[in-house]
Amino acid sequence: MSNRDAFYIEDSNRFCEEAGMDPHVVAKPKQFLSQQELAEKRSSYSEILSIVSYFSNKLLDSLRGTPILVVVSDSNGYLLDIDGDENIKGMIQQFGIQLGSLFVREDTGTNVVSLALEQKHPISIIGIQHYHTFLHEIACYGTAFHYTDDNNLLGSVSIMMPIHFQNPLFLTMLSQTVDSIERELLLRKQNRKLNVLNQIMLSRTNNAIVLTDENGITTEFNDFAQQLSKTSRDAVIGRNIRESPITGTYFREVLELGKIFKDVEIQFINQDGKLIVCLFDAQPIYEDGKMIGAFGQFRDISDRHFLQEKYNYLAYHDDLTGLPNRRFINEEIDKIIEEINAGHKRALALLFIDLDRFKVINDNFSHVSGDILLKKVSKRLAGCLGENDILARTGGDEFIFMLKDFEGSDYVTKKAEEILHAFDAPFHIERHELHTTASVGIAIYPDYPITAEKLMIFADNAMYEAKNLGKNRYSLYTSDLLEGAKDEYRLETDLRKAVEQEEFVLHYQPQINPHTGKIFGVEALIRWQHPTLGLLSPDKFIKLAEDNGLINQIGKWVIKEACSQNKRWQDANYQPLKVSVNLSTQQFLTNDLVTYMENTLRETGLDPQYLVVEITEYMAMEYEYSLKVLKQLKKIGIGISIDDFGTGYSSLAYLNNFPIDFIKIDKSFVFEIVNDQPSAFIVKAIITLAHNLQMQVIAEGVETEEQLDFLINQQCDLVQGFHFSKPLSATEIEKTYLLCKNNEKRENTK
C-alpha cells in the first residue's frame, strides 16, 4: 500500500484483513432489495434521482468518449441507479453490482460507496488501494450528498472507470456536480415547505409564472412573465396553454399525463425580437388528489448564458478573422500529445504559415487594408482544410494548420503545396490588386516524446528556413530533430553538474505601482550561468529539470537565495520590498514545502511578510490539498499570488475560498489589450473580479505606454514588464531602484 493512501482506506483494508477476507476472491453483496422494495425505494427517491440524473448526465456528456459508470446509492448503501458505459455495466454484473444490492464493507470489502457515505467527503480509491485484487484495474471516485441545511445524509454518487483513464480532475468534476445537486435539492426541499400557490408571491418573484386550470386555460401570468415575453397579461389570460408554440407541448403532457418537467432549457424570441434563454419547470397542481390545473415557472438565465458564450468565444478565437487563436490551438496540440504519450496511435503535424511581404502591404495600403487582407487570407486557407485539420491565427500575419490522424507524410507535404497554391490568385481590396505569398514550416511529431512547445519551435524554425531559401515555399523540419535531442541530452548532463556546483543566479524584475511610479516588489527569476554556453534563461532548462526530477532542488535554492538577498537589502537599509518566487507543480506538491519555508525564513531572518509565492491556476485545481497548503503558508505570513491568471480552469468559488493576495494577469492578454477587444474585455473582467474579492492585481508583460495607460485606467494595482525594466541582477536593482530611493529618503530627512 502507498504511503499516501488515506487513513480511512488503510483502516478499511485492515478491517478486511482482520475479518479474514480473501483478497483474491470476488466479494459480492450479500443483501438485496426485492423488486417491490427497490421500486418503493426508487419511488421515495424519485425527485432526488431525477436531480442526480440530470446533473450526472451533464457529467457523462462532458466526458463523452471516456468509459465511465455513474452509480447512485441511498444513505445505507443500496444502489438505486447505474448509468454510463454499457460494456462496464456488463462487466460489473458478475461482481454483484446491480440495482438493489447493498454495499457495506462487511460484505464487499473496501469500496467507494460505503467509504464515501462513511467519510461524507469526496474520496478516491485507485487500483491497488482496493483490498480485493479483482478491483485493482478500476479507478473509483465518490462523494456523499446531503440536504445541506441540516446536513442530512441522502446518499452517494460514484464514478468508476478502467484504471488507465484515472485523473485527479475527475474528483474535482464530481465534487462540482454534487455541489450543483445539493443546491438543487435544497431549493426543491424549501419549495415543498410552502403551498404551491402561497409560496410563489406572484407579484414579487423574479421568475416568470404561468398557471392554468384543469382544461389548460391560462389563469395567471405574472409581471415578470410579461416583462420576459414582452406580452401583456390580457393577451394571455383565457387562452389555452396548449396553443403556445413555446411551452404548449410541455403543458399538454403535464395536463394529460401528469408529467413533471424540471430544469428544461428553453430558448425563444420575445415580442421585442430578443433571444431569451430560460430554465423551465412545469407540474400538475392537485387538490384532494384531483388535478385542478398546471403550474409553469421560467427562470431567466439569458445573461449568464450569453456571458459564458461570449467569454468562451473571446478566450479561444481571434477577433479579426473568427478563427481559433493561439490559446485554442495550444490546448488542442497538448491533448493530442497527451494521447500519444499515453500509447494511443495518433498522427500530428504542424504547418506554420507566415505571409511574405505583409509589412510592405500594411505600410503602403494602410492597416485597414491589411486587416481586410488577413480576413480574405483566412477564408482561402479555410478552403484548404481537410476533415481532421484545424486552422488558427496565432497573431499578426501568422497562421497554423494542425493536421491530425492522417495517413503518411505525403498528406502533410501535399497540404503545404495546396496552401502555397491558395496564394496564386491576387487579392482584390478597395480597387487594388494585391499579391502575396506564404512561407510554410512543417514539423511532424517524431517517434519519441517532445513537448508541444518544442514542436511549435520546430515548425517555426522550418518556416524561417523557408523564408531564407527565398520565400513562397515550404520547408520540412526533419534532419535536425535527432541532433536537437542529442543537444538536450548533453544539456541534461550539464544541468546535474550545475545543481551540484550551484551555477545558478537570480535576476529580479521590478513590480511597479503604476499610479505612483514607485517600486513595490520584485519577482525572482532564475538564470543558469553555463560554463560554455553563457547565461541561459529558464525556458532553456526548467522543463528539463522537471522531467529529470531536479526541479525541487533548484526550487529550494531559489527560495533560499531570494530570501537571503532580500534580507541583505533590508540590512543595508534599503526600502523594504516583497520578493516573489515561482513554485513548480512538483515543488508545490512536496510534503516538506511548508516546513522548508519556515526553516528558510528562520535561517535567513527574513520577515515572512516580504516573501510571496506564486502558483499557477493548474496547481490550484487540486482543491483540498491546495487549500490546506495555502492556508498553512498564509498562517506563516507569506503572501500568495496566482500566476498566469486567465489561461487555466480555476473555479471562481474555489478562488474565493483561497487565501490569495495577488492575481497576475497572463502576459498573453496584456500583449493584446490595445488592439484586441476580447483581450481588453477579459483583462477588465479579471481586475473587477480580483478587486471584488479584495485581491490586488499584477499585470505582467507590460511593454508599451498604451498598455500602461489602459491598465492605469482600469485601476490595475501593480505592473511589471520591459516597459519599466528587464530582469536585473541584484547589483543592478540596487543601483537603479534602491540606491536612488535611499538617497531620496536621506534628502527628505535633512
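The backbone N or O of G127 sits less than 3.5 Å from a side-chain atom of H130, completing a donor-acceptor pair. Under a 3.5 Å cut-off, the side chain of D592 and the backbone N or O of Y596 do not form any donor-acceptor pair. In this structure, the side chain of Y141 does not engage the main chain of I123 through any donor-acceptor pair within 3.5 Å. Panel note: side chain S53, backbone S50; no donor-acceptor pair is recorded below 3.5 Å. Not one N or O on the side chain of T600 forms a donor-acceptor pair closer than 3.5 Å with the backbone of M597. Under a 3.5 Å cut-off, the side chain of D83 and the backbone N or O of V70 do not form any donor-acceptor pair.
The salt bridge (Lys or Arg N to Asp or Glu O under 4.0 Å) analysis of residues 99-112, with sequence neighbours excluded, yields the pairs R105-E118.
Counting only heavy atoms from C-beta outward, the side chains of D85 and M161 never approach each other to under 4.5 Å. Side-chain contact between L630 and F588 is present, with at least one heavy-atom pair separated by less than 4.5 Å. Counting only heavy atoms from C-beta outward, the side chains of I450 and I337 never approach each other to under 4.5 Å. Looking only at side-chain heavy atoms (C-beta outward), F669 and R327 come within less than 4.5 Å of each other. Inter-residue side-chain proximity for E614 and F662 is flagged as unmet; no heavy-atom pair is nearer than 4.5 Å. L174 is listed as a side-chain neighbour of V157, based on a closest heavy-atom distance under 4.5 Å. Between L79 and S101 there is a side-chain heavy-atom pair separated by less than 4.5 Å. Taking 4.5 Å as the limit, every side-chain heavy atom of V52 sits out of range of all side-chain heavy atoms of D81.
S114 and N111 form a side-chain donor-acceptor contact under 3.5 Å, judged by distance and modelled atom types alone. Checking T616 against D643 by side-chain atom types alone, no donor-acceptor pair falls below 3.5 Å. A donor-acceptor pair shorter than 3.5 Å cannot be found between the side chains of T604 and S564. In the model, N599 has a side-chain atom that pairs as donor or acceptor with a side-chain atom of R602 under 3.5 Å.
Here D607 does not pair with K567 in a salt bridge; the nearest charged N to carboxylate O distance is not below 4.0 Å. A salt bridge is defined here as a Lys NZ or Arg NE, NH1 or NH2 lying under 4.0 Å from an Asp or Glu carboxylate O, and K58 with D263 fails to meet this definition. A salt bridge is absent between E37 and R42; no separation between the charged side-chain nitrogens and carboxylate oxygens falls under 4.0 Å.
The distance from the CD atom of Q553 to the CD atom of E502 is 10.5 Å, given to the nearest 0.5 Å. To the nearest 0.5 Å, atoms CD1 (I159) and CE (M173) are separated by 7.5 Å.
Heavy-atom contacts from other residues, nucleotides or ligands closer than 6.0 Å to CD of Q586 number more than 12. The number of heavy-atom neighbours closer than 6.0 Å to NZ of K631, taken from other residues, nucleotides and ligands shown, is 12 or below.
If you run side chain to side chain donor-acceptor pair (under 3.5 Å) between D661 and each of Q694, K578, K634, Q696, only K634 comes through.
Take D11 and apply the salt bridge (Lys or Arg N to Asp or Glu O under 4.0 Å) test, not counting sequence neighbours, and it matches R14. Qualifying side chain to side chain donor-acceptor pair (under 3.5 Å) partners for E453, counting only residues two or more places apart in sequence or in other chains: none.
Aromatic pair H121/Y8: ring centres closer than 6.0 Å.
Judged by the 6.0 Å and 45° rule, K262 forms no cation-pi pair with Y54.
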Could you go step by step and tell me if K664 and E700 meet the salt bridge (charged side-chain N to carboxylate O under 4.0 Å, His left out) rule?
CA-CA 7 Å; K664 293 189 77 173; E700 56 183 348; 3.6 Å; yes
Salt bridge (charged side-chain N to carboxylate O under 4.0 Å, His left out) assessment of E338 paired with K335
CA-CA 5 Å; E338 282 181 14; K335 289 176 187 175; over 6 Å; no
Walk me through whether S580 and V613 qualify under side-chain contact (heavy atoms from CB on, under 4.5 Å).
CA-CA 6 Å; S580 300; V613 295; over 6 Å; no
Take N582 and E523 through the test side-chain hydrogen bond (donor to acceptor under 3.5 Å, both in side chains) and record every step on the way to the result.
CA-CA 8 Å; N582 294 280; E523 180 180 2; 2.9 Å; yes
